[in-house]
Amino acid sequence: MTGRKVERLERRGKYLLAHLSDGQLLLMHLGMTGCFTVRKSVNGEQESAERALHEHVVFHMRGGPTVSYEDPRRFGFMVLIPPGEEATHPLLRHLGVEPLGEQLDAAYLARRALGKRTDLKAFLSDQRIIAGLGNIYVCEALYRARLSPTRGASTVATAKGKPNARTEALVRAVREVLEDAIGAGGSSMRDYRHADGQLGSFQHRFCVYGREGKPCFHKGCSGTVQRIVQGGRSTFYCPRCQR
DNA sequence: AGTTGCACCTGGCTGC
DNA sequence: TGCAGCCAGGTGCAAC
């Protein structure tokens, strides 16, 4: 990548994309614990040669700044995609719609849910349907929509694949939870930070995630948040008001 | 074709 | 204090 210029940065689902001046595309994923930190070098000052324990990649930018990538668990990855292969690349080809874009609406979701035999939790977590929802936000969205994670995915559509009341509620909930989370700077469980090191604060506003045994927040609901395991991942929900 | 379970890693917390 | 066991923002792939 030496000598190339980053012409454009974008995000698709959970992928970060850096378009390089030679037409290559640097595709990056943070996995669970990946973190980028941007450091402006003070004029003329030598940057420290110290390497953080889990610092795996450092981009030295022209003019001094560095962009370093740390990732304790190393679930994250970077791939250089040759010019023109973006659309057909296996990691990008099947990505679903952006949750905050216009393509996500009740009609789309109902169409994709038609005939699905998986549960709603797995359906929403599937990046081929909606690109960008992780375990936390799926749990939180289902709570807001008052839908059970164990309900069949196909029940958010009519028998003909048209939207019903649940579809509408779900689309609204997905959008709202992401907008609220972004507004709060994201969720910092332990590793997540902004590129300038700042922490997010949405973890303090979880309604169900990590609240096993605690009372449901919904007005008039006397339920207790439960933790179950679906597809090997924790799901938190209120069995009383999420149906 | 669609699902499920496991593999990939390290670190932090809990309970004995 | 030490250590085993469990858990964690995700994805890909092999096996059904």
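This one's a predicted model, so the numbers in the text were calculated from it and none came from an experiment. We name chains A, B, ... by the order of the sequence lines, and we start the count at 1 in each one.
- Proximity of a side-chain donor or acceptor of Arg193(A) to a complementary backbone N or O of Cys35(A) within less than 3.5 Å is not detected.
- Using modelled atom types and a 3.5 Å distance limit, the side chains of Thr150(A) and Tyr237(A) yield no donor-acceptor pair.
- Residues in residues 106-116 of chain A take part in these side-chain hydrogen bond (donor to acceptor under 3.5 Å, both in side chains) pairs, two or more places apart or across chains: Tyr108(A)-Arg112(A).
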Contacts table for residues 12-21 of chain A: side-chain donor-acceptor under 3.5 angstrom, sequence neighbours left out:
| residue | atom | partner | partner atom | Å |
| --- | --- | --- | --- | --- |
| Arg12(A) | NH1 | Gly96(A) | O | 3.3 |
| Arg12(A) | NH1 | Glu98(A) | OE2 | 3.0 |
| Arg12(A) | NH2 | Gly96(A) | O | 3.2 |
| Lys14(A) | NZ | Leu133(A) | O | 3.3 |
| His19(A) | NE2 | Arg8(A) | NH2 | 3.3 |
| His19(A) | NE2 | Glu10(A) | OE2 | 2.7 |
| Ser21(A) | OG | Lys5(A) | N | 2.8 |

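- In summary, the aromatic rings of His204(A) and Phe206(A) are positioned with their centroids too far apart to meet the 6.0 Å limit.
- A donor-acceptor pair shorter than 3.5 Å can be found between the side chains of Arg227(A) and Ser234(A).
- For the pair Gln230(A) CD and dG10(C) P, the computed distance is 14 Å after rounding to whole Å.
- Judged as a side-chain hydrogen bond (donor to acceptor under 3.5 Å, both in side chains), not a single pair has a partner in residues 78-96 of chain A (not counting sequence neighbours).
- For Asp22(A) and Gln24(A), the side-chain atoms include at least one donor-acceptor pair closer than 3.5 Å.
- Within residues 196-205 of chain A, no residue has a heavy atom under 4.0 Å from DNA chain C.
- As a whole-Å value, the separation of Tyr192(A) OH from dA8(C) C1' is 17 Å.
- Using a 4.0 Å cut-off between charged nitrogen and carboxylate oxygen, Asp119(A) and Lys121(A) do not count as a salt-bridge pair.
- Taking the ring axis of Tyr143(A) as reference, the NZ or CZ atom of Arg211(A) does not stay both within 45° of it and closer than 6.0 Å to the ring centre.
- dG12(B) and dT11(C) have their P atoms separated by 23 Å, given to the nearest Å.
- The stretch residues 135-157 of chain A comes close to DNA chain C through Asn135(A), Ile136(A), each having a heavy atom under 4.0 Å from the strand.
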Please list, one pair per line, the donor and acceptor atoms closer than 3.5 Å that link side chains of residues 76-84 of chain A to other protein atoms, with sequence neighbours excluded.
none

For nucleotides 4-9 of chain B, tabulate all protein N/O to nucleotide N/O atom pairs closer than 3.5 Å, reporting atom names and distance.
| residue | atom | partner | partner atom | Å |
| --- | --- | --- | --- | --- |
| dC9(B) | O3' | Arg74(A) | NH2 | 3.0 |
| dC9(B) | O2 | Arg73(A) | NE | 3.0 |

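- Taking atom CZ of Arg128(A) as the reference point, atom P of dG10(C) lies 16 Å away to the nearest angstrom.
- Here dT10(B) presents its P atom at 8 Å from NE2 of His54(A), a figure rounded to the nearest Å.
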inquiry  = Within the 4.0 Å limit for protein heavy atoms, which parts of nucleotides 11-16 of chain C are touched? Write it as a string from 5' to 3', B for base, S for sugar-phosphate only, - for none.
reply    = BS----

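- The same atom, P, is picked in dG12(C) and in dG11(B); the two are 24 Å apart, to the nearest Å.
- Within residues 178-186 of chain A, no residue has a heavy atom under 4.0 Å from DNA chain C.
- Rounded to an integer number of Å, the gap from Met32(A) CE to dT10(B) P is 14 Å.
- Atom P of nucleotide dG10(C) and atom CE of Met189(A) are separated by 10 Å, given to the nearest angstrom.
- Checked against side chain to side chain donor-acceptor pair (under 3.5 Å), Thr118(A) has no partners two or more places apart in sequence or in another chain.
- Contact of the Leu170(A) side chain with the Leu120(A) side chain is registered, since non-hydrogen atoms from C-beta on lie closer than 4.5 Å.
- In this structure, CZ of Phe123(A) is placed 10 Å from P of dT3(B), rounded to the nearest angstrom.
- Separating the CZ atom in Arg151(A) from the CZ atom in Arg243(A) is a distance of 9.5 Å, to the nearest 0.5 Å.
- In this view, Arg117(A) satisfies the salt bridge (charged side-chain N to carboxylate O under 4.0 Å, His left out) rule with no residue, not counting sequence neighbours.
- Remark: Ser234(A) is in phosphate contact with dA8(C), judged by side-chain N or O atoms under 4.0 Å from OP1 or OP2.
- Rounded to a whole Å, the CG atom of Asp126(A) is 13 Å from the P atom of dG10(C).
- When the P atom is used for both dC6(B) and dC6(C), the distance is 14 Å, rounded to whole Å.
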ask   = Dot-bracket for DNA chain C, 5' to 3', with Watson-Crick and G-U pairs under 3.5 Å, [ ] for crossing pairs and | for other-strand pairs: what is it?
value = .|||||||.|||||||

